[in-house]
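Contents: one structure, followed by commentary.
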Amino acid sequence: MRVALDGGVATVVLDRPPRNALTSGFADALLEALAACHADARVRAVVLTGAGDSFSVGADLTGGPEALRDLLDADGADRPGYREPAGRVTAAMVRLGVPVIAALGGDAVGGGATVALGADVRVATPETRIGFPFTRLGVCPEGASTHHLPRVVGAGRAADWLLSGRLVGAREAESAGFLAATVTRDDLLPWAQEWAGTIAARTSPTAVAATKTLLRAAPADAGAASEAESRTIVELIRGPDCVEGVTAFLERRRPRFAPRAPGDER
């Protein structure tokens, strides 16, 4: 796992050759990297990407089903309230008080797809394939993907992808809304870092955290969503970031918001 910070943007690189397969230890290393971003007030956005030709191909299956069972046993699967590794990672990404953009420079399959789904925004190359192949392996989806995927691509498309376990090309993934954009490999990381840099330079940390929370927690009922928004906007309008944001708009200058508090989340 590699982490670099530049201008408020933390770039986290999954680096486990050859294809960034997930293990419980590798997932825990990613959790540590996310926790460090969470605790660092300088971090305003996170870019998550993979080294090499894949984002992540999910669990390491080379040891066969016995190795998977051993992994679960070592991971404490029988403990009350157990959450599998990809579930722990996506939960941390959802709780993180800053936006996460996943830059998929290659296949995101299985746990790799569910981790990418935990990001707020995703961008990929034309060659990237997305896959939730759990039913083809005799298991069920993980990482809260049965919750997150229908919200991103719609219930019908999510049922197609999750039940069939088929690989989905970048073009279909973009048309479904899973990807914000498809760009060349050379443009992938710059595109993601520019998006994250805009967040870091031009938005209120408090307002971004609040909006991320509203998006993730939004109920199906529009009235309940409006109630949540109303409570939050009253709080924000009475805060210093609103004063600075509106004043900067009127003065036609870039706003100077207060830094994010370390570990800030809503």
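Fair warning: this is a prediction, and the values are worked out from it, not measured in the lab.
L179 and A170 make their closest contact through CD1-O, 3.6 Å (heavy atoms, listed as atom of the first residue, atom of the second, distance). The two residues D75 and S24 have their closest heavy-atom pair at OD1-CB, 3.6 Å. Across all non-hydrogen atoms, the minimal contact from P259 to P205 is C-CG, 4.5 Å. Between F132 and S145, the shortest heavy-atom distance links the atoms CE2-CB, 4.2 Å. The shortest non-hydrogen separation linking G97 to A209 is O-CB, 3.5 Å. Taking all atoms of both residues into account, the shortest heavy-atom contact from A51 to R2 is CB-NH2, 3.7 Å.
Here L22 contributes atom CG and L30 contributes atom CG; the two are 8.0 Å apart, rounded to the nearest 0.5 Å. Here the OG1 atom belonging to T206 is positioned 4.5 Å from the CG atom belonging to D241, to the nearest 0.5 angstrom. A distance of 7.0 Å separates CG of D107 from OG1 of T128, quoted to the nearest 0.5 Å. Note that CG of L34 and NE2 of H38 are 10.5 Å apart. Values are rounded to the nearest 0.5 Å. How far CG of D15 is from CE of M1: 8.5 Å, rounded to the nearest 0.5 Å. Distance check, rounded to the nearest 0.5 Å: CG of L104 to OG1 of T125 gives 8.0 Å.
Both W161 and L137 are assigned to one and the same hydrophobic cluster, defined by single-linkage of ILVMFWY side chains at heavy-atom distances under 4.5 Å. L31 and V47 fall into different hydrophobic clusters, defined by Ile, Leu, Val, Met, Phe, Trp and Tyr side-chain heavy atoms under 4.5 Å apart, directly or through other members. Grouping the Ile, Leu, Val, Met, Phe, Trp and Tyr side chains by contacts below 4.5 angstrom, directly or via other members, places L162 with V139. Note on I199 and L96: separate hydrophobic clusters, where clusters join Ile, Leu, Val, Met, Phe, Trp and Tyr whose side-chain heavy atoms are under 4.5 Å apart, directly or indirectly. Put simply, L117 and V12 are part of the same group of oily side chains (I, L, V, M, F, W, Y) that touch within less than 4.5 Å, one to the next.
Annotation for D187: atom CG counts as buried by contact number, over 12 foreign heavy atoms lying within 6.0 Å. The local environment of CZ in R42 is sparse, with at most 12 non-hydrogen atoms from other residues, nucleotides or ligands closer than 6.0 Å. Other residues, nucleotides and ligands contribute more than 12 heavy atoms inside 6.0 Å of the CZ atom of R166. By the neighbour-count criterion of 12 heavy atoms within 6.0 Å, atom CG of D160 is densely surrounded, having more than that number from other residues, nucleotides or ligands. By the 6.0 Å contact criterion, CZ on R253 is enclosed, its count of non-hydrogen atoms from other residues, nucleotides or ligands being greater than 12. Dense packing is recorded around CG of L215, with more than 12 heavy atoms of other residues, nucleotides or ligands lying under 6.0 Å away. Other residues, nucleotides and ligands contribute more than 12 heavy atoms inside 6.0 Å of the CD atom of E229.
When each of V46, T211, V121, V208 is tested with P99 by the rule side-chain contact (heavy atoms from CB on, under 4.5 Å), just one qualifies, namely V208. When each of T198, T49, T11 is checked for a side-chain hydrogen bond (donor to acceptor under 3.5 Å, both in side chains) with Q193, only T11 meets the rule.
Within the 3.5 Å criterion, the main-chain N or O of S164 finds a donor-acceptor partner in the side chain of R136. Proximity of a side-chain donor or acceptor of R122 to a complementary backbone N or O of F178 within less than 3.5 Å is detected. A donor-acceptor distance shorter than 3.5 angstrom exists from the side chain of R260 to the backbone of D40, with no hydrogens or angles considered. One N or O on the side chain of E244 and one on the backbone of R256 form a donor-acceptor pair closer than 3.5 Å. In this structure, the side chain of R88 engages the main chain of R83 through a donor-acceptor pair within 3.5 Å. Put simply, the side chain of N20 gets close to the backbone of F55: a donor and an acceptor are under 3.5 Å apart. Checked by atom type and distance alone, the side chain of E84 pairs as donor or acceptor with a backbone atom of G143 at under 3.5 Å. Of the possible donor and acceptor atoms, none in the side chain of S226 sits under 3.5 Å from a partner among the backbone N and O of G223. At distances below 3.5 Å, at least one donor-acceptor pair connects side-chain atoms of K212 with backbone N or O atoms of V98. Panel note: side chain R129, backbone V109; no donor-acceptor pair is recorded below 3.5 Å.
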- Message: What verdict does the side chain to side chain contact (heavy atoms under 4.5 Å, CB included) test give for T232 and T213, after you've listed the backbone C-alpha separation in whole Å, the side-chain angles of each residue and the deciding distance to 0.1 Å?
- Response: CA-CA 10 Å; T232 305; T213 298; over 6 Å; no
- Message: Between M93 and V115, does the side chain to side chain contact (heavy atoms under 4.5 Å, CB included) criterion hold? Intermediate values first, please.
- Response: CA-CA 9 Å; M93 292 167 72; V115 167; 4.1 Å; yes
- Message: Go through it in stages, so that I can follow the logic: the residues are V123 and L188, the test is side chain to side chain contact (heavy atoms under 4.5 Å, CB included), and I'd like the CA-CA distance, side-chain angles, deciding distance and then a yes or no.
- Response: CA-CA 7 Å; V123 59; L188 180 71; 3.8 Å; yes
- Message: Is there a side chain to side chain contact (heavy atoms under 4.5 Å, CB included) between V43 and L5? Walk through the geometry before answering.
- Response: CA-CA 8 Å; V43 175; L5 179 63; 3.9 Å; yes
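Counted by atom type alone, D60 and T62 present one or more donor-acceptor pairs between their side chains at under 3.5 Å. In the model, R44 has a side-chain atom that pairs as donor or acceptor with a side-chain atom of T203 under 3.5 Å.
With a 4.5 Å cut-off on side-chain heavy atoms, H148 and R216 count as touching. Side-chain contact between L236 and C242 is absent, with no heavy-atom pair separated by less than 4.5 Å.
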